[in-house]
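Below: the structure, in structure tokens.
Below, chain A is the first sequence line, B the second, and so on; all start at residue 1.
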2 protein chains.
Amino acid sequence: MLSERQKMILRMIVEDYVQSAEPVGSRSISKQGDTGLSAATIRNEMADLEEQGYLEQPHTSAGRVPSQQGYRYYVDHLLQLGERLRPEEISKMKALFSERVDEIEKVAQQTALYLSTFTQYTAVVLGPQVYENTLRSLQMVPINEHSAVLLVVTSTGQVQNKTVSFPEDIPLSQVEKLVRFLNEKLVGTPVYQMRSRIFEEISHEVARQMRDFEEAQRILDQLLAVISAEKDGKLFLGGTTNMLLQPEFHNVEKAKSVLSWLEHHDLVSRALMQESKARGPLSVRIGGENELSTLQDCSLVTATYQIGGDPVGVIGIIGPTRMEYGRVIGMLDYLSKEMSHLVTKWYSG
Amino acid sequence: MLSERQKMILRMIVEDYVQSAEPVGSRSISKQGDTGLSAATIRNEMADLEEQGYLEQPHTSAGRVPSQQGYRYYVDHLLQLGERLRPEEISKMKALFSERVDEIEKVAQQTALYLSTFTQYTAVVLGPQVYENTLRSLQMVPINEHSAVLLVVTSTGQVQNKTVSFPEDIPLSQVEKLVRFLNEKLVGTPVYQMRSRIFEEISHEVARQMRDFEEAQRILDQLLAVISAEKDGKLFLGGTTNMLLQPEFHNVEKAKSVLSWLEHHDLVSRALMQESKARGPLSVRIGGENELSTLQDCSLVTATYQIGGDPVGVIGIIGPTRMEYGRVIGMLDYLSKEMSHLVTKWYSG
DNA sequence: ATTAGCACTCAACGATTAAGAGTGCTAACA
DNA sequence: TGTTAGCACTCTTAATCGTTGAGTGCTAAT
């Protein structure tokens, strides 16, 4: 258990170190205004804090650095979520969300950009992924005799498309008939039920109507591929190279490992999705708390945005464990709420 | 003018330096097998080459390094484009192009990936951008009473979509009528003519039919926005972080400047487009030959791929000036030809 | 309980030195 | 005349060695 004084000292150390990126000595804490304590006293407390695992010493005769546990305690107990956001930042963000929005993806992209420029860390935004989405319309536009573009439009206006081709011996009219049939049967079906409904109810019926069972299957498969592509929410990154601004990533090896990971959007998406499921609407993963080995030296802070309580997307920040948790959390909190409003309005018409 | 021997020495120096990234000394050239020349002779020739601007010396008593002019001469005169590609690479690339392709974008993405993994540089692929594309179909799928998804399908199967909303007082039927009308008038129109045709022929006619001229205009504007979004070919990157593998980018500042540039897809696209227009089907820009200050320390090698002689896209490699030009050019040459075949087949049905 | 004082530790920095790679030049040689 | 061996010279790189200074831990006094 930490005394009030220890808490204060721990907070000061964390905040000092986050700014300076250099080990914090007892003197600089002692001198820092309000504490009427001498360096020696601070030293004693620091030794205590170190013994309890909240601080670390890079080497004897260096100052102290917060340990992972130290950051954790700071985030859990010492963070005052007072408005750390600067007014001009708030007004910029307000502007972003008050603009006429006609593409949710633009907003996601912009959010990532703002987040990253304001924080100087790397921002990730996982686009909304609405499972309650239903099929609005299935359209086919023929391109030539044996291929066509298949369009899937969902109730929220998201569009997926894929060019499919079918063998010469199947006439276009046949395929058109199939699409009409699917439309009749499937419009209004939630996207996440699509797969099972196709298999259980539609598949055999289609086969009966079409001469060639295998071909019907193939076309259905392609259709499914279009729909499942929809399932992965789109990922937007902002300020990827901000990683390189942080002294802890001046080591090119480390930088490369994180940056390459960020190149694999599928992996990042998965990690974010998992995060939003495992933890609540706001999650802070510090260093080793991350399961991915790539992120051992990073902190990942994420917030979900929701429609009526249902999380549909994630926004987050990736940076060094030495992170301005207050600002980051504040900003994510603010933006995730704005995003929630926006998508709620958007998806309810 | 360079003597044959000087050419040989220049070539050896370039190739040695490209491998080792360390200044090349006279000894190592002399020892290197086939030349029956002593180090002293090499030294004399090297001094000559330096005087003529083909080589540089980082400092007295270091070996020589090719200058920009040196690389230029190497690329222009010394490169034997013999098959530097390894058989297993060729077979992998063959596999890529022989697969059943149903999305050109997958191929572009894969090409970027292969290029970057084979070369260890950063690869860029500018997706095909076919100006001869004509409008195949304009579709509208209503989402609710006052908004709908607008779909533009081109003759090559590319799809653009945008959610548009219209004011409450305009009934859906009115908009549907507009879309039908536009479809009748515009199907078959080349994309690049769309804008002018709408303004010159359609605009006023639409206004006559619709009660509110301004509203008609607004909807047409949105439609145009969808079509022009099409104009920028999509950009695919591969191995962005490979940049960090190169010793010349261990300097974080330099690395950051190039990597941040790569984040701005619009800028990169523009640069590539310009490159393909200014230079022929294969362009090599070495260091300062690049206009962008970001690329002063890089080489940018690009190749266009074509449909019947018309360039429709670009593939390229970005790396340090100390680049394996032979391999890179060979690979780009091969892949651009394959891409040409593919898109030609694809876009002719 | 707090603090002043002091001895001690250790990274960081700079200067000095030694090693080694590579050059340019000269003189000898074919 | 072109080539080469030899040698003195240059300059980077790495290693060594004090020196400095920040910061600690401990003790004794308040």
Next item on the list: Evaluate whether atom CZ of B:R11 has more than 12 neighbouring non-hydrogen atoms of other residues, nucleotides or ligands under 6.0 angstrom away.
Entry: yes

Separation of C:dA1 atom P from A:E45 atom CD, nearest Å, is 11 Å

Discussion item. Could you check whether any side-chain heavy atom of B:L115 comes within less than 4.5 Å of a side-chain heavy atom of B:I317, counting everything from C-beta outward?
Written reply: yes

B:L37 CG to D:dA5 C1', in whole Å, measures 15 Å

Taken in chain and number order and not counting sequence neighbours, the residues that satisfy side-chain hydrogen bond (donor to acceptor under 3.5 Å, both in side chains) with A:E248 are A:R322

Atom CD of B:Q6 and atom P of D:dT3 are separated, to the nearest Å, by 11 Å

The bend of the helix from C:dA1-D:dT30 to C:dA30-D:dT1, taken between the axes of its five terminal pairs at each end and rounded to 10°, is 20°

For nucleotides 24-30 of chain D, 5' to 3', base contacts (B), sugar-phosphate-only contacts (S) and non-contacts (-) with protein non-hydrogen atoms under 4.0 Å give BBB----

In whole angstroms, the gap separating C1' of C:dG22 from NZ of B:K31 amounts to 12 Å

Answer yes when A:E89 and A:K92 have at least one side-chain N-carboxylate O distance shorter than 4.0 Å, and no when they do not. no

Taken to the nearest whole Å, NE2/B:H59 to C1'/C:dG22 is 9 Å

Return all side-chain donor-acceptor pairs below 3.5 angstrom for residues 50-63 of chain B, not counting sequence neighbours, or 'none' if the list is empty.
| from | atom 1 | to | atom 2 | distance (Å) |
| --- | --- | --- | --- | --- |
| B:E50 | OE1 | B:R64 | NE | 2.7 |
| B:E50 | OE1 | B:R64 | NH2 | 2.9 |
| B:Q57 | NE2 | B:A62 | O | 3.4 |

In whole angstroms, the gap separating C1' of D:dG23 from CD of A:E22 amounts to 13 Å

Sorted by chain and residue number, the side-chain hydrogen bond (donor to acceptor under 3.5 Å, both in side chains) partners of B:S276 (sequence neighbours excluded) come out as none

Taken to the nearest whole Å, CD1/A:I29 to C1'/D:dA22 is 15 Å

Review point. Does B:E4 pair with B:K7 as a salt bridge, N-O distance under 4.0 Å?
Key: yes

Report task. Indicate whether the side chain of B:E275 and that of B:S283 have a donor and an acceptor atom separated by less than 3.5 Å. Result -> yes

- Message: Any side-chain N or O of B:S38 below 4.0 angstrom from OP1/OP2 of D:dT3?
- Response: no

The complete set of salt bridge (Lys or Arg N to Asp or Glu O under 4.0 Å) pairs with one or both residues in residues 65-75 of chain A, sequence neighbours excluded, reads A:R72-A:D76, A:R72-A:E289

